[in-house]
Amino acid sequence: MLLVPFIRENRAQVEAGLKVKNFKDIAILEEIIIADDQRREIQKKLDDTLSESNKIAKEIGGLFKSGKVEEANKKKALTADLKELSKTLSEDLNSIQIKLTELLLRVPNVAHNSVPKGNSEEDNEIVKTVGEIPQMDKNALPHWELAEKYDIIDFKLGNKITGAGFPVYKGKGARLQRALINFFLDNATAAGFREVQPPLMVNEDSGYGTGQLPDKEGQMYYVGEDNLYLIPTAEVPITNIYRNTIVKSEDFPIRNTAYSQCFRREAGSYGKDVRGLNRLHQFDKVEIVVIEHPDKSYARLEEMNEYVQSLLVKLELPYRVLRLCGGDLSFTSALTFDMEVYSAAQKRWLEVSSVSNFESYQANRLKLRFKDENGKTQLAHTLNGSALALPRIVAALLENNQCEQGIKIPKALVAYTGFEYIN
RNA sequence: GGAGAAUUGGCAGAGUGGUCGAAUGCGGCGGUCUUGAAAACCGUUGAGGGUCAUACCUCCGGGGGUUCGAAUCCCUCAUUCUCCGCCA
C-alpha cells in the first residue's frame with residue numbers, strides 16, 4: 001500500500017509508474033487525496049471535541065476533590081453534547097478511514113523506472129541467456145514420463161491419496177527432493193542468510209501483512225475451523241516476523257531464508273501448464289527474504305539476482321533472466337526479475353524463480369520501520385525471491401539430463417543425493 | 001478440551017476510577033569527572049495522528065461497553081503460566 005504523503009509529494013512519478021503497469025484508474029489518486037483531506041478535517045474536529053471534554057472532566061475531578069459536589073454535577077450536563085458530537089465524529093472518522101484504506105488497497109505498487117512497458121509476458125525483456133540449449137533426440141521423454149519410467153514421482157498415487165497436483169515422490173525421487181532442499185539451504189546460509197523454519201499456517205493479520213489478503217484470498221487454502229491459511233510461500237511467515245516492528249538500521253541488511261512446503265489452490269489453471277510438475281497444489285521451495293534500507297534495496301536486488309543465478313549455474317541448467325514488463329509485474333512489486341530454466345523435452349522455458357523489490361509497499365502494510373540517521377522512523381524496503389522452487393528444477397533436471405544410463409545428477413548435487421544416476 | 005491466575009514502555013516491575021503516557025530499577029543515548037576506560041553524578045530516552053513549529057488528540061494484549069472521567073470496573077477474543085484430561 002502506498003503512503004498518502006508519498007502520493008501527494010510525488011504525483012507525477014506515481015502516475016508514470018502506474019501507467020507503466022497499465023493501471024487504468026489513475027483518477028483514484030484524486031479520490032484518495034480528497035478522502036485524506038476529509039480524514040484530516042474530521043480528525044481535527046474530533047480532537048478539538050475530545051480536548052474540550054477532557055478539560056471539563058478534569059475540572060469536575062477537581063471540584064469533587066474540593067467537595068463542591070453540586071457544582072460538579074452541574075458541569076456534567078455540559079459534556080452531554082460533546083459526547084454526542086464526538087461519537088458521531090469518531091464514527092465518521094472510522095468510515096472515512098475504511099474508505100481511504102479501501103481506495104489505497106486498489107492502487108498497485110509503482111513500477112521502478114527501469115521497468116519496460118508492455119502488456120504480457122511477450123513483452124518481458126530478456127536480460128541474458130546462459131548455457132547451451134540441449135538438443136535432444138526424437139525419443140526424448142517429458143519429465144512426467146521419465147518420472148513413471150524410473151518410478152520416482154507418482155502422480156496417480158497422489159490422485160488417489162489426495163487429488164490432482166499432490167504427487168508422491170518415491171525412492172530416488174524423494175531423495176532428490178531432500179538433496180535439493182539441503183543444497184539450496186546450504187548455499188543460502190553460505191551467502192549470509194539466516195535459516196528459519198516458519199509455521200506453514202498463518203493467521204489473517206499475516207495474510208494482510210504481505211498482501212495475500214484480501215485480493216488473493218481464493219488462492220490460499222483456508223482452514224475455517226481455526227481461521228488460518230496454508231502458506232502459498234514462505235515469504236508470508238518470514239516477512240511477517242517483522243510485522244509491527246522497528247528494526248535497527250545497523251542490522252541492515254536483514255537476510256532470512258527458509259525451506260517450506262507451499263500450498264496453492266491454483267484455481268483457474270489448466271492444460272499444458274499443469275501437466276506433470278509444471279504446476280502443483282503442494283510443492284517445495286526455499287525462499288530468501290531481505291529487509292533493507294531504502295537507499296540500498298536495489299543493490300541488494302542485484303545481489304539476490306546474482307545469487308539465484310549462481311544456483312542455476314551449479315546445477316548446470318541453461319537459463320535466462322527476464323526483466324518483467326509493466327503488464328506482467330505483480331501488484332505489489334516495483335521491479336522483478338524472473339529466472340527461467342529450459343526444459344528440453346517440453347521445449348519451453350519454465351519459471352523457477354522470481355526476485356522482487358517491493359520497496360516500502362509491503363512494509364507499509366506490515367508497519368515495518370527503522371530509525372534513520374536523523375532518528376526519524378521510516379518504512380524499510382522488503383525484497384524476496386525463490387532460491388529455488390523445486391518442481392520445475394526437477395522437471396528440467398530429468399528432461400535435460402536423460403541419457404542411456406538414466407538421469408545424470410549434476411556434480412554439485414551428487415554429494416547431496418549420494419548417487420550419480422537415477423536408473 | 002476443563003478449572004484457575006496473568007498480559008503495563010527495549011527489559012524488569014509499580015500503579016484498582018480523577019492532574020498517569022504511566023513510579024522505580026536495568027539497559028540505550030548525551031554530558032561532567034578521567035591520560036583513557038570503569039565507577040560515580042547530571043540530563044535524556046515509546047509509537048501514531050496533527051502543526052511551519054507549538055498546542056492538541058489517540059494508544060497500558062485485541063475488540064466492545066459503563067462513567068463527566070478507565071491502565072484501573074464490565075463483556076468478549078487472543079496469548080502466557082499452573083493444575084486436570086488427551087497426546088506425537
Side-chain angles (χ1 to χ4, degrees), chain A residues 1-9 32-101 103-104 197-209 213 222-229 237 240-252 254 261 291 360 362-380:
Chain A
M1 184 156 81
L2 298 176
L3 284 169
V4 179
F6 180 81
I7 297 174
R8 283 182 191 272
E9 287 157 30
I32 286 170
I33 289 177
I34 291 168
D36 190 52
D37 286 341
Q38 287 171 353
R39 194 209 93 231
R40 282 197 220 182
E41 200 185 314
I42 297 169
Q43 179 78 254
K44 181 88 176 63
K45 280 189 199 156
L46 212 211
D47 286 358
D48 290 346
T49 311
L50 289 174
S51 173
E52 185 64 23
S53 55
N54 284 347
K55 220 170 82 189
I56 296 174
K58 277 181 189 172
E59 284 169 12
I60 292 174
L63 290 171
F64 271 122
K65 266 203 170 156
S66 49
K68 298 175 185 161
V69 180
E70 260 179 54
E71 215 172 311
N73 283 328
K74 237 182 262 174
K75 283 233 172 197
K76 280 191 194 178
L78 291 176
T79 61
D81 286 350
L82 290 172
K83 232 186 150 181
E84 191 62 32
L85 183 59
S86 68
K87 200 181 165 199
T88 316
L89 286 170
S90 63
E91 276 162 13
D92 291 351
L93 184 65
N94 204 273
S95 62
I96 192 73
Q97 241 147 11
I98 289 168
K99 184 185 168 191
L100 183 59
T101 307
L103 288 170
L104 284 167
Q197 207 177 81
L200 302 182
M201 290 198 246
V202 295
N203 59 28
E204 230 177 332
D205 285 347
S206 293
Y208 277 98
L213 296 175
Y222 174 57
V223 184
E225 182 94 20
D226 296 289
N227 198 216
L228 296 172
Y229 296 85
N240 272 286
I241 292 173
Y242 301 95
R243 168 156 50 85
N244 249 316
T245 55
I246 298 177
V247 300
K248 296 198 188 93
S249 60
E250 57 263 35
D251 292 340
F252 288 142
I254 298 172
Q261 306 196 301
I291 295 160
S360 59
Q362 252 184 357
N364 188 25
R365 284 213 206 177
L366 288 161
K367 298 283 166 279
L368 196 189
R369 295 98 87 214
F370 71 100
K371 285 232 188 289
D372 67 16
E373 306 70 38
N374 306 317
K376 277 191 69 176
T377 38
Q378 59 168 299
L379 295 171

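From a predicted model like this one, the values you see are computed outputs, not experimental measurements.
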Quiz item: Would you call the rings of F370(A) and F252(A) parallel, tilted or perpendicular, where under 30° means parallel and over 60° means perpendicular?
Solution: perpendicular
Name each donor-acceptor pair under 3.5 Å that joins a side chain in residues 72-82 of chain A to protein atoms two or more places apart or in another chain, with its distance.
unit_1 : atom_1 : unit_2 : atom_2 : d
N73(A) : ND2    : V69(A) : O      : 3.4
K75(A) : NZ     : E59(A) : OE1    : 2.5
T79(A) : OG1    : K76(A) : O      : 2.7

Pairwise [atom1] distance for [N] and [M], with rounding to whole Å:
| N | M | atom1 | value |
| --- | --- | --- | --- |
| rU8(B) | rG61(B) | C1' | 10 Å |
| rG9(B) | rG25(B) | C1' | 14 Å |
| rA39(B) | rC75(B) | P | 49 Å |
| rC83(B) | rU44(B) | P | 46 Å |
| rA53(B) | rC60(B) | C1' | 29 Å |
| rU66(B) | rC42(B) | P | 47 Å |
| rA71(B) | rU7(B) | C1' | 12 Å |
| rG69(B) | rC86(B) | C1' | 48 Å |

Practice problem: Report which part of the nucleic acid K248(A) touches: base, sugar-phosphate, or nothing (heavy-atom distance under 4.0 Å, all strands). | Solution: nothing
Self-check item: Outermost nucleotides of RNA chain B that come under 4.0 Å of a non-hydrogen atom of chain A
Solution: rG18(B) to rG69(B)
Quiz item: Mind checking what makes salt bridge (Lys or Arg N to Asp or Glu O under 4.0 Å) contact with R39(A), not counting sequence neighbours?
Solution: D36(A)
Quiz item: Among all residues two or more places apart in sequence or in another chain, which pass the salt bridge (Lys or Arg N to Asp or Glu O under 4.0 Å) test with K68(A)?
Solution: none
Can you tell me the pairing partner of [N] across any strand shown, Watson-Crick or G-U wobble, with both distances under 3.5 angstrom?
| N | value |
| --- | --- |
| rG4(B) | rC81(B) |
| rA37(B) | none |
| rA55(B) | none |
| rA14(B) | none |
| rG50(B) | none |
| rG27(B) | rU45(B) |
| rU67(B) | none |

To the nearest 0.5 Å, what is the distance between [atom1] on [X] and [atom2] on [Y]?
| X | Y | atom1 | atom2 | value |
| --- | --- | --- | --- | --- |
| L63(A) | E71(A) | CG | CD | 5.0 Å |
| R40(A) | D37(A) | CZ | CG | 6.0 Å |
| L213(A) | R365(A) | CG | CZ | 8.5 Å |
| I241(A) | S206(A) | CD1 | OG | 10.0 Å |
| D372(A) | T377(A) | CG | OG1 | 8.0 Å |
| N227(A) | N203(A) | CG | CG | 8.0 Å |

Practice problem: May I ask you to list the residues of residues 70-78 of chain A, by number, that have any heavy atom positioned under 4.0 Å from an atom of RNA chain B? | Solution: K76(A)
Quiz item: In residues 39-54 of chain A, which residues come under 4.0 Å of RNA chain B by heavy atom?
Solution: R39(A), R40(A), Q43(A), D47(A), L50(A), S51(A), N54(A)
Quiz item: Mapping N94(A) and I246(A) to their closest nucleotides on RNA chain B, which lands nearer the 5' end?
Solution: I246(A)
Exercise. Using the closest heavy atom to pick a nucleotide of RNA chain B for each, name whichever of A57(A) or K371(A) lands nearer the 5' end.
Key: A57(A)
Practice problem: Check whether more than 12 heavy atoms from other residues, nucleotides or ligands sit under 6.0 Å from atom CD of E84(A), and answer yes or no. | Solution: no
Self-check item: Within 6.0 angstrom of K55(A) NZ, more than 12 heavy atoms from elsewhere
Solution: no
Quiz item: Any donor-acceptor pair under 3.5 Å linking the side chain of T49(A) with the backbone of K45(A)?
Solution: yes
